[in-house]
Every structure is written in structure tokens, then in C-alpha cells.
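To keep things clear, I will list the structure first and then write my remarks on it.
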Amino acid sequence: LGSWLVAWDAPGINQPSSVKYSEHDLFRVYSTDNGATWSSVTPLNVNAGSDASIDSMLSVSAGTVGSFLAGWAYFERPGSSPSGIYFARSFDAGNTWSVPELISPPNPDGYYRRDPVLASSGDGRLMAAWLARGDYPSTDAYLEYAFSSDTGDSWTIVAFPDVDSPEVQFAPTLSFIEPGRWAAAW
């Protein structure tokens, strides 16, 4: 109620000024009074000062009352493919964030993970979806999703079924409909 969050990725805390796109972090501002006042800009990913990865393709969603969820793709090192999908949560309207946790294992099948989206039922059940894609010039791509019934403490990962061919599975979106029903489109 009255909690707002704005988050983005940008050149990171540890990026040398002479090297473009060598490191990205996630930043955020939040308001707990319907946007009348805002916090200062601070990192969303609490490991921002110690990692040298590129954290990008950020997705945020409201969770239970007063909580927010964030998911993003991370590059293990500059110039590499995204290696997995990270997840963090805030239970105090965006003021503090949990240590990032990996939802998807890093490249279990040689495909890289990117473009995560999150949805919440509002009662602790969460769904995340993302794209798994082969290295360029491959056009192979498929969607994976994960479900959590405990506000993200644990996740079960499942691949979406093939629909005609893997090339059509891009740009996932998710929405909670009602208990036991979620919608996914791509």
C-alpha cells in the first residue's frame, strides 16, 4: 500500500571508466508514501560492490504486501553469454534486498539464459520464466519456467513444451489469474 519501486541496470560500481560495458549492476529507488518522496539511488543487487559480472535484463514484480521481487540475467564475465537467472527479494518495500540466489543452473545444456519475467500470486506463490538460447548464430531457443510455493526459498524448474518449433519461443510474459491458474504468453 503506497510502496513504489523503480529499478534499472546501468554501468556498475566496479566498471573501469576506460572500458565500456565491462560491468553492470542493478540500481533502484523506492517510495513508501505513494511517490511523494523517494530514496536515494542505491544498488539493488547487494553484491554490486564485489562482483565483476554484468547484471542486466531486469524484471521486477510486486509480491506479498510490502514486498518486491527482482529477477535478472547475469554474465559471468564481460563478453560472455548470460549464464543464469538470479533472483532477490525485498520484504520491506524495497529498502533492503536479499543476497542474490540462482534460480536457473548456469548453462546446464550449453544454452544461455536471458530475459526473465516474474509473477506473484500475492500469497507467497511465485512463477518465473526466461528464454534459453543457443550461442550465435544458432536460432534455437526455448522457454523455461520455475515455480515456488514458499516466496522463493526453493524453485522447481520445468521446460515449456515445444510449440511447433523452438524458434517461436521468445519474449515470455506471465500473469497470475486465480489460485491454481497462471497465464503465460510468448
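In this model, a donor atom of one side chain and an acceptor atom of the other lie less than 3.5 Å apart for Asp55 and Trp72.
Taking both residues in full, the closest heavy atoms of Ser61 and Ala119 are given as OG-CA, 4.0 Å, listed atom of the first, atom of the second, then distance. Heavy-atom minimum distance, Val117 versus Ser59: CA-OG, 3.4 Å. Heavy-atom minimum distance, Ala88 versus Pro100: CB-CA, 4.4 Å. Shown here for Arg113 and Ala73, the closest heavy-atom pair between the two residues is O-CB, 3.8 Å.
A chain of hydrophobic side-chain contacts below 4.5 Å, direct or via other Ile, Leu, Val, Met, Phe, Trp or Tyr residues, connects Val46 to Leu5. Note on Tyr86: it clusters hydrophobically with Val99, by side-chain heavy-atom contacts below 4.5 Å among ILVMFWY residues.
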Would Leu58 and Val60 count as a side chain to side chain contact (heavy atoms under 4.5 Å, CB included) if you check the C-alpha gap in whole Å, the side-chain angles of each, and the deciding distance to 0.1 Å? CA-CA 7 Å; Leu58 176 65; Val60 290; 4.2 Å; yes

Check against side chain to side chain contact (heavy atoms under 4.5 Å, CB included), Tyr30 and Leu44: CA-CA 11 Å; Tyr30 66 93; Leu44 184 149; over 6 Å; no

Working note: Tyr145 + Trp182, criterion ring-ring contact (aromatic ring centres under 6.0 Å, His included); need CA distance, chi angles, decisive distance, verdict. CA-CA 12 Å; Tyr145 73 92; Trp182 299 78; 9.7 Å; no

Taking it one step at a time, do Leu69 and Ser120 satisfy side chain to side chain contact (heavy atoms under 4.5 Å, CB included)? CA-CA 9 Å; Leu69 318 165; Ser120 169; 3.9 Å; yes

Begin with the C-alpha distance, continue with both residues' side-chain angles, and end with the deciding distance and a verdict on side chain to side chain contact (heavy atoms under 4.5 Å, CB included) for Phe91 and Thr96. CA-CA 8 Å; Phe91 292 110; Thr96 60; over 6 Å; no

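Annotation: the span from Thr151 atom OG1 to Leu126 atom CG amounts to 6.5 Å, rounded to 0.5 Å. Going from atom CG of Asn47 over to atom CH2 of Trp97 covers 13.5 Å, rounded to the nearest 0.5 Å. The structure places OG of Ser175 at 10.5 Å from CZ of Arg181, a figure rounded to the nearest 0.5 Å. To the nearest 0.5 Å, atom OG of residue Ser154 and atom CZ of residue Phe147 are 10.0 Å apart.
With respect to the salt-bridge test (charged N to carboxylate O, under 4.0 angstrom), the residues Asp153 and Arg89 qualify.
In this structure, Leu143 and Pro172 have side chains that are in contact, with non-hydrogen atoms separated by less than 4.5 Å. Residues Ile157 and Trp130 are in side-chain contact: their nearest non-hydrogen atoms beyond the backbone lie under 4.5 Å apart. Ile85 places none of its side-chain heavy atoms less than 4.5 Å from the side chain of Tyr74. Side-chain atoms of Phe68 and Asp92, non-hydrogen and from C-beta on, never get closer than 4.5 Å to each other.
For Trp155 and Phe87, the ring centers sit closer than 6.0 Å to each other.
Side chain of Arg28 to main chain of Asn95: a donor-acceptor pair is present (N/O by atom type, distance under 3.5 Å, no hydrogens or angles). Although no hydrogens or angles enter the test, the distance criterion places no donor-acceptor pair under 3.5 Å between the side chain of Ser3 and the main chain of Thr32. At least one donor-acceptor pair under 3.5 Å links the side chain of Asn45 to the backbone N or O of Leu26.
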